[in-house]
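Step one of this worksheet: look at the structure below.
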Protein chains: 2
Amino acid sequence: MAENRSARVRRGRPRQAEVARLAGVSQTTVSVVLGGNKQGIVLHPDTTARVLEAARELGYVPDPAARRLAAARNNLLGVFSFTATFPTAVEHSYYPFLVGVEQEAAARGYDLVLFTGSSAGAQSGTSGALERVRLADGCLFLGRHIPAGELRRLVEHGYPAVHIGRRDELDGLAWVGADYVEATAEVVRQLAKLGHRRVMLVREDDDAPASTDRERGFREALATAGLAGADPVVRAAHPAAEITPAWLRDRYAEGVTAFVAEETDTGAAWRALLAAVEGAGLDAPSDVSLALLGSPPADLAGRPQPTGFDIPRAELGAAAVRALTGLLTTGEAESPLVACAFRPGSTAGPAPVH
Amino acid sequence: MAENRSARVRRGRPRQAEVARLAGVSQTTVSVVLGGNKQGIVLHPDTTARVLEAARELGYVPDPAARRLAAARNNLLGVFSFTATFPTAVEHSYYPFLVGVEQEAAARGYDLVLFTGSSAGAQSGTSGALERVRLADGCLFLGRHIPAGELRRLVEHGYPAVHIGRRDELDGLAWVGADYVEATAEVVRQLAKLGHRRVMLVREDDDAPASTDRERGFREALATAGLAGADPVVRAAHPAAEITPAWLRDRYAEGVTAFVAEETDTGAAWRALLAAVEGAGLDAPSDVSLALLGSPPADLAGRPQPTGFDIPRAELGAAAVRALTGLLTTGEAESPLVACAFRPGSTAGPAPVH
DNA sequence: TTGTAGGCGTTATCAA
DNA sequence: TTGATAACGCCTACAA
């Protein structure tokens, strides 16, 4: 019987009606009082006090589903990642973003719901998994490969959504992202200032915005510095195989004195660059300068700090929450770009007299 | 007006009633058909087909809030940690648990609500922060210092709660924990098998269950192996200061050939042990054998694998979810102990002929 | 100043 | 086989 199940399930979960009974008022009054009395209704202070006390005593917490259904808000923010949020391999995790998300959400009085729709346990690709997020007032999305169709549906229906990471292909989807263009340009400017005239970028063979933004910043800064020349960009599908000591020696012989690597999940490009330099019998930063457009992989954290920039992941998470709450309250999101801080590091130095 | 807001929110989002109208059936029939007809009601195939077709045509997707409200369960599990769930300082301390929690929750169709001790609900008053977890159907707790008073209140109210880590002092609180007693005993047995007759345990000066369990397993195994002797346990409040090369040399001179360290947050005991052995001019495993009751700190991951055991953190998280969902559905939790796998490692070897 | 009544979208019961 | 009808918990005009 429904009665039985309900009674069992809601055991220990008081409802407004019970608070009302205890306080000796109507359920409506409880709703008004606990709702902060936005309507400005004049209530007797005693009534208010009794209701609050009763709610406290019972440990009343509003049911999020009911709140949402009544066309009100939940104070729940969703987080949905297209891969598991906590994958076994820490290096693929969104943990650093969550640090900022959690802090900013808490500061603004929102609770966080982690929708597990796409973790390993769930039937992957289950269509409709995204719909669950509608339990929350709005949702943050992250991950490389988004189910565009489902997400589009949500956005078109006016559901507040913010993607962490630039995402232009979905019209109307708000996003926050790191300003890779500017951050990369700054790295190039620094190298130019150190006297480097020929700089090369090693990037993945992937057209993610994060990659193309870096390349754009790279090329623009080269042009501005008057360093445009032979094609300065290498796309490496398998960096370890392509960025060899021989390759590096050839570039060096041609006059290239600085190499810049894109940050990737595995850090493959950076690893290959380090190995190639060592294999070529060269030294950074005395012979060649190296820079990394992002952070080094965890297992290389002990090595000398790469010159480059840090992606402010926590700050991005916080900015995403601000954008989402902005969408929720004023209907408009704030500026989507977050600056990356330049990291001097110790892998770049003055260009050698060649 | 409420009408307006509701209308705006559900714009373009068909309801079962509309599917019913299009299919020429009642809304109930739609619910039954789309719900997979769990009740086994005999339906005319044509009816079913018409409903499905109408739903497809309209792009019907159920409203998660309404669904959860009607089901009288939100399928929301809380995860509460007294220190920030996403600590920046303590590197990923809860991360491994969350991996298992997320997977198991996803597999069972639950979403996660993330709470932190410092910020839950963002109320300025910290007291009562725990009450917010009632938003979820049940909650997982982790961390060393959970406020017992508040937690007791929840448990006494019949709120389903499971603690990750043994926690006996709170009557009626369910928990899951690693079987440190057995795992530690196994390490001692292995050392005994290698010929060690005198083994010492270095533990923290803290009475957390995780510590006392290890000590118990240690002593029991020693007794069973007939190796009981002078007090084999050292409590070190500041391992670095107490476990010195001189101290180690003295023990070695007394005939101690194997040292076992407890795993701690910082890995201080293990660090001190390694440093002391090196400082004493000894080598592991040729001179002395070392074992670690847990995993090494991240920055020592490159070093040789310590002999010892791995705490199955992900498995613990998963077990906690199973226990909690068991509480939610059948009212009873399953077996709380999870076995740790012995890790051979390379820091222990045959006892030297002394 | 407080209470009544209706509805949000879904599920489940029970009569037709 | 299908269709009223009543919850689920909360919010909010509106009446008292």
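Letters go in sequence order (proteins before strands), and every chain restarts at 1. Because the structure is predicted, anything quoted here is derived from the model rather than measured.
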- Verify, without hydrogens or angle tests, whether A:N75 (side chain) and A:G109 (backbone) share a donor-acceptor contact under 3.5 angstrom. yes
Below 3.5 Å is the cut-off: list the nitrogen or oxygen pairs between protein and nucleotides 1-5 of chain C, distance only.
from	atom 1	to	atom 2	distance (Å)
C:dT1	O5'	A:V42	O	3.4
C:dT2	OP1	A:T47	OG1	2.3
C:dT2	OP2	A:H44	N	3.1
C:dT2	OP2	A:T47	OG1	3.3
C:dG3	OP2	A:S26	N	2.7
C:dG3	OP2	A:S26	OG	3.2
C:dG3	OP2	A:T29	OG1	3.0
C:dT4	O4	A:T28	OG1	2.8

- Task: Just call it for B:Q16: base, sugar-phosphate, or nothing, with non-hydrogen atoms closer than 4.0 Å on any strand.
- Result: base
- Rounded to whole Å, CG of B:N75 lies from P of C:dT10 at a distance of 17 Å
- Message: Rounding to an integer number of Å, can you tell me how far A:N37 CG sits from D:dC11 C1'?
- Response: 13 Å
- Query: Quick check: does any side chain N or O of B:D111 sit under 3.5 Å from a backbone N or O of A:T116, one acting as donor and the other as acceptor?
  - Reply: yes
- Query: Rounded to whole angstroms, how far apart are CG on A:D63 and C1' on D:dG9?
  - Reply: 6 Å
- Criterion side chain to side chain donor-acceptor pair (under 3.5 Å) against A:Q27, the qualifying member of A:R21, A:R15, A:Q16: A:Q16
- Partners of A:N74 by side-chain hydrogen bond (donor to acceptor under 3.5 Å, both in side chains), sequence neighbours excluded? none
- Take the protein atom CD of B:E18 and the nucleotide atom P of C:dT10, then report the distance between them rounded to whole Å. 9 Å
- Query: Going by atom types alone, do A:S26 and A:T29 pair a side-chain donor with an acceptor below 3.5 Å?
  - Reply: yes
- Whole angstrom value for the distance that separates P of C:dG9 from CG of B:L34: 16 Å
- Task: Give the rounded distance in Å between these two atoms: CZ of A:R68 and C1' of C:dT10.
- Result: 16 Å
- Item | Distance, rounded to the nearest Å, where A:R73 contributes CZ and D:dT12 contributes P | 11 Å
- Item | Donor-acceptor contact present, side-chain B:R313 to main-chain B:F97, <3.5 Å | no
- Note on the structure: With five pairs defining each end axis, the helix from C:dT1-D:dA16 to C:dA16-D:dT1 comes out bent, to 10°, by 50°
- Message: So, OP1 or OP2 of C:dG9: does either fall under 4.0 Å of a side-chain N or O from B:R67?
- Response: no
- Task: Establish, from distance only, whether the side-chain atoms of A:H157 and A:R134 form a donor-acceptor pair under 3.5 Å.
- Result: no
- Nearest-Å distance, CG (A:L69) to P (C:dT10)? 9 Å
- Just say parallel, tilted or perpendicular for the rings of B:F141 and B:F80, cut-offs at 30° and 60°. tilted
- In this structure, are over 12 heavy atoms from other groups packed under 6.0 Å from B:D168 atom CG? yes
